[in-house]
Amino acid sequence: QSNCPEAGFLSGAFDLFGCKKKMLDYGSRHTKPVTLGTAIVAAAVFFFLVPSKLSVGSVSGLAIVLANVIPLPVSAITMALNVLFLVLGFLLIGGEFGAKTVYTSILLPLVLGVLERLFPNNGSIMGDQFLDMLCYTMLVSLGLALLFVRNASSGGLDIAAKILNRYFHLELGAALAAAGMVVALSSAFVYDAKTVVLSVIGTYLGGIVLDHFIFGMNTKKKVCILSSHVDEIRRFVLEQLHSGATLYEAIGAYDYARQRELAVIVNKAEYAKLMGFLAQADPDAFVTVYTVHEMFYRPKPVQGPGKRA
């Protein structure tokens, strides 16, 4: 049973692109965080972007501009633009990314449509364009970060950003800002100078905040430990944290004393457990900690239950 809304319609769309099984598998594993991210994006658009009349770089912002010349609701224009960018995603990025984006591309305008029905007279919550822009930037960046870290997107300009990221090796925040600037500047044909300037500022800030959220979610710690209890610590890392580690031979510069150094990369929860164990096992251990934003590796199977490289 599909976890997606409008299951019959989505099933037909997945069959059209030849990826029904992949999408159903994806939905069963990732529906909740991806749905949450999409809902956050939709709420940011509806409650802050639409009332402010800003065109902060997004497909929804472009839809707001086009709604001034096309007699259709923002949700309908957003759906049409998402379909266009979705086709480009399949062609230029590949079926896997496109399959993951089908769900969010269709869900976003559906959520917008529901919000339009629930709040037909929606107005600015903050009562100020600048505050609306700040609130939108923070909320939408959080939602997009939840999607990007799971190799999904909300469709639209997110796909354009992913294309720029893949082919021109731009960071996702910078790529989204570059694509969004075109949309932000397009508001000059419809709105006044103040709105255009706020749209450009919001697009630029959105790229910065998005990168901050993405790197924050992916941040890990590299812990390097010099200890006389290195074997005990190694066993804790392998057997309790189920993580891999590396041993180096360290030579002291003062007396040329040789000692083994253990290096391990852990997430925030594992870092707290490791530091708690070190405080008990060897309070005199010499520990250095580094922040790691990215890792590239191929996991290796390790003999024994519950262990990984």
Side-chain angles (χ1 to χ4, degrees), residues 35-70 72-79 81-82 104 107-148 153-158 161 172-174 176-214 216-217:
T35 300
L36 175 62
T38 305
I40 291 174
V41 171
V45 170
F46 184 79
F47 289 110
F48 298 107
L49 191 63
V50 174
S52 68
K53 305 299 183 184
L54 294 175
S55 182
V56 177
S58 68
V59 72
S60 302
L62 180 58
I64 292 172
V65 173
L66 293 177
N68 287 272
V69 295
I70 300 176
L72 291 173
V74 171
S75 58
I77 299 175
T78 301
M79 173 70 85
L81 292 173
N82 274 332
T104 57
L107 180 62
L108 178 60
L110 287 178
V111 176
L112 285 174
V114 170
L115 292 174
E116 287 173 348
R117 289 179 178 272
L118 293 177
F119 305 96
N121 300 314
N122 179 49
S124 174
I125 296 177
M126 307 306 297
D128 181 85
Q129 269 191 320
F130 182 73
L131 294 178
D132 283 336
M133 180 268 289
L134 290 180
C135 292
Y136 168 78
T137 298
M138 295 298 295
L139 271 182
V140 80
S141 297
L142 175 61
L144 292 178
L146 288 173
L147 297 177
F148 278 133
S153 77
S154 65
L157 287 188
D158 299 353
L172 282 170
L176 188 62
M181 281 297 176
V182 177
V183 176
L185 293 174
S186 70
S187 62
F189 296 102
V190 180
Y191 302 122
D192 56 31
K194 177 184 177 182
T195 302
V196 175
V197 171
L198 287 176
S199 297
V200 171
I201 294 174
T203 300
Y204 176 73
L205 291 177
I208 295 175
V209 176
L210 176 61
D211 277 339
H212 173 75
F213 279 134
I214 290 176
M217 292 180 181

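In this chain, residues are counted from 1 in sequence order. The shown structure was predicted, so the numbers you read here are calculated from the model rather than taken from an experiment.
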Taking all non-hydrogen atoms of both residues into account, name the closest pair between [X] and [Y] and its distance.
X	Y	value
Gly202	Met133	CA-SD, 3.5 Å
Ala177	Gly207	CB-CA, 4.4 Å
Val41	Leu108	CG1-CD1, 4.1 Å
Ala63	Leu81	N-CD1, 4.2 Å
Ala44	Leu139	CB-CB, 3.6 Å
Ile70	Ile77	CB-CD1, 4.3 Å

Reported [atom1]-to-[atom2] distance for the pair [X] and [Y], which is rounded to 0.5 angstrom:
X	Y	atom1	atom2	value
Leu205	Leu134	CG	CG	7.0 Å
Thr38	Leu144	OG1	CG	9.0 Å
Leu146	Thr35	CG	OG1	11.0 Å
Leu107	Leu112	CG	CG	9.5 Å
Ser199	Met181	OG	CE	10.0 Å

In a check of side chain to side chain contact (heavy atoms under 4.5 Å, CB included) between Met126 and each of Pro51, Cys135, Ser52, which one passes? Cys135
Any side-chain heavy atom of Ile40 sitting closer than 4.5 Å to one from Leu36?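 SC-SC contact between Ile40 and Leu36 confirmed.
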Using 30° and 60° as the class boundaries, would you call the ring planes of Phe47 and Phe119 parallel, tilted or perpendicular? perpendicular
Under the criterion side chain to side chain contact (heavy atoms under 4.5 Å, CB included), I'd like the reasoning laid out for Val50 against Val45: C-alpha separation, chi angles, the key distance, then a yes or no. CA-CA 6 Å; Val50 174; Val45 170; 4.0 Å; yes
Over 12 non-hydrogen atoms of neighbours within 6.0 angstrom of CZ in Phe46: yes
Show your working on side chain to side chain contact (heavy atoms under 4.5 Å, CB included) between Ile208 and Thr137 and close with a plain yes or no. CA-CA 10 Å; Ile208 295 175; Thr137 298; over 6 Å; no
